[in-house]
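Note that the structure is a prediction, hence the values are computed from the model and not measured.
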Amino acid sequence: DSSLNPNVQLYLSTLSIGYNGTAAGGTSGVVDLSKFTGPISINTLRVGRSESWSPASGQFTFGNATLNNLSIPTVQIGSGALNINSGATLAVTSELDIGYFCGGLSKSGTGVLSLATGAGLQVGTPAAPAMMYVARNPWASAIIHNATFAPDSSLNPNVQLYLSTLSIG
């Protein structure tokens with residue numbers, strides 16, 4: 001909350017929310033930047049990513065009158081949600097994974113990218129298209145993973161997809 005902590009600045013190489021690298025037992029995390037107005041830079045955002053035998057879940061929310069544009073090269077939503085508030089736009093410049101499964105035997109990716117009415121999303125640009133994966137399993141295992149990506153142009157007219165790769169399932 002920037003009204004309570006006005007001097008916070010976030011410059012991150014990687015932001016992992018609900019990350020489980022080797023821990024037994026599950027992990028979960030929430031980052032809500034709805035009231036954050038300071039400068040921010042994130043190169044890689046990972047939401048609900050597990051690389052162990054145990055599950056992980058995460059939730060990331062952003063967007064307000066001041067922080068209404070966020071550009072992140074790589075976004076991976078494993079099990080969890082990325083929520084974009086009304087009036088805000090997320091630009092993904094390299095790779096967007098929704099429902100990303102990254103290892104272990106007991107997990108499945110259940111990623112959701114949620115756009116509030118009036119929120120925007122740009123994946124890639126005309127000059128530099130990006131990769132987009134929905135329900136991706138790069139390990140070729142039999143684990144089920146699910147993802148939801150269902151933009152509604154009548155509610156979110158600012159959705160632009162410039163893709164070099166689109167893979168679903």
Side-chain angles (χ1 to χ4, degrees), residues 9-19 30-34 36-51 56-103 108-140 143-169:
Q9 302 176 14
L10 298 173
Y11 298 100
L12 306 168
S13 173
T14 301
L15 173 58
S16 294
I17 305 161
Y19 173 76
V30 175
V31 173
D32 186 341
L33 298 179
S34 297
F36 181 75
T37 60
I40 184 169
S41 173
I42 302 169
N43 288 328
T44 300
L45 174 63
R46 294 177 175 155
V47 179
R49 180 180 169 126
S50 179
E51 295 177 0
S57 66
Q59 182 173 333
F60 179 78
T61 302
F62 91 96
N64 56 53
T66 303
L67 177 61
N68 56 15
N69 284 296
L70 184 58
S71 180
I72 304 174
T74 302
V75 174
Q76 296 175 334
I77 308 164
S79 289
L82 191 157
N83 306 300
I84 305 169
N85 290 335
S86 182
T89 298
L90 173 66
V92 180
T93 59
S94 180
E95 182 176 320
L96 173 61
D97 283 293
I98 305 169
Y100 180 82
F101 174 79
C102 57
S108 62
T110 54
V112 177
L113 176 59
S114 177
L115 303 173
T117 299
L121 174 69
Q122 180 178 352
V123 181
T125 67
M131 298 175 288
M132 182 171 170
Y133 300 93
V134 180
R136 178 181 182 199
N137 183 347
W139 300 103
I143 302 300
I144 296 170
H145 43 275
N146 301 294
T148 301
F149 179 69
D152 182 337
S153 294
S154 67
L155 301 175
N156 304 97
N158 191 21
V159 173
Q160 302 170 33
L161 303 176
Y162 302 99
L163 305 176
S164 61
T165 301
L166 174 61
S167 177
I168 302 171

Looking only at non-hydrogen atoms, find the nearest pair between Ser13 and Asn43 and report the distance.
O-CB, 3.1 Å
Are the side chain of Asn64 and the backbone of Ser34 linked by a donor-acceptor contact shorter than 3.5 Å?
yes
Let me see the working for Leu45 and Ile17 under side-chain contact (heavy atoms from CB on, under 4.5 Å), right down to the final yes or no.
CA-CA 8 Å; Leu45 174 63; Ile17 305 161; 3.9 Å; yes
Quick check for you: to the nearest 0.5 Å, what is the distance between Thr117 atom OG1 and Asn156 atom CG?
6.5 Å
Any residue meeting side chain to side chain donor-acceptor pair (under 3.5 Å) with Thr37, in chain and number order, not counting sequence neighbours
Ser2
So, Thr14 side chain and Thr44 main chain: donor-acceptor pair closer than 3.5 Å or not?
no
Please list, chain by chain and in numerical order, all residues satisfying side chain to side chain contact (heavy atoms under 4.5 Å, CB included) with Pro39, sequence neighbours excluded.
Gln9, Tyr11
Using a 3.5 Å distance criterion without hydrogens, assess whether the side chain of Asn85 forms a donor-acceptor pair with backbone atoms of Gly63.
yes
Going by side chain to side chain contact (heavy atoms under 4.5 Å, CB included), name the residues that satisfy it together with Leu163, two or more places apart in sequence or in a different chain.
Val123, Met132, Leu161, Leu166
Residue of the set Val75, Ile84, Val92 for which side chain to side chain contact (heavy atoms under 4.5 Å, CB included) holds with Leu113
Ile84
Intermediate values then yes/no, side-chain contact (heavy atoms from CB on, under 4.5 Å), Ile98 and Ile77
CA-CA 5 Å; Ile98 305 169; Ile77 308 164; 4.2 Å; yes
Does Phe149 form a side-chain contact (heavy atoms from CB on, under 4.5 Å) with Leu121? I'd like the steps, not just the answer.
CA-CA 11 Å; Phe149 179 69; Leu121 174 69; 3.6 Å; yes
How long is the span from the CZ atom in Phe60 to the CD1 atom in Ile72, to the nearest 0.5 Å?
5.5 Å
Report yes or no: does Asn68 contribute a side-chain atom to a donor-acceptor pair with the main-chain N or O of Thr89 at less than 3.5 Å?
no
Minimum heavy-atom distance Leu67-Phe62, with the two atoms named
O-CD1, 4.2 Å
Of all heavy-atom pairs linking Ser86 and Ala116, the shortest is N-CB, 3.5 Å
Counting N and O atoms only, with roles assigned by atom type, does the side chain of Asn83 sit under 3.5 Å from a partner on the main chain of Ser114, one being a donor and the other an acceptor?
no
When rounded to the nearest 0.5 angstrom, what distance separates CG in Leu82 from CG in Leu90?
6.0 Å
Do you know the tightest heavy-atom contact between Ser94 and Ala130?
O-CB, 3.2 Å
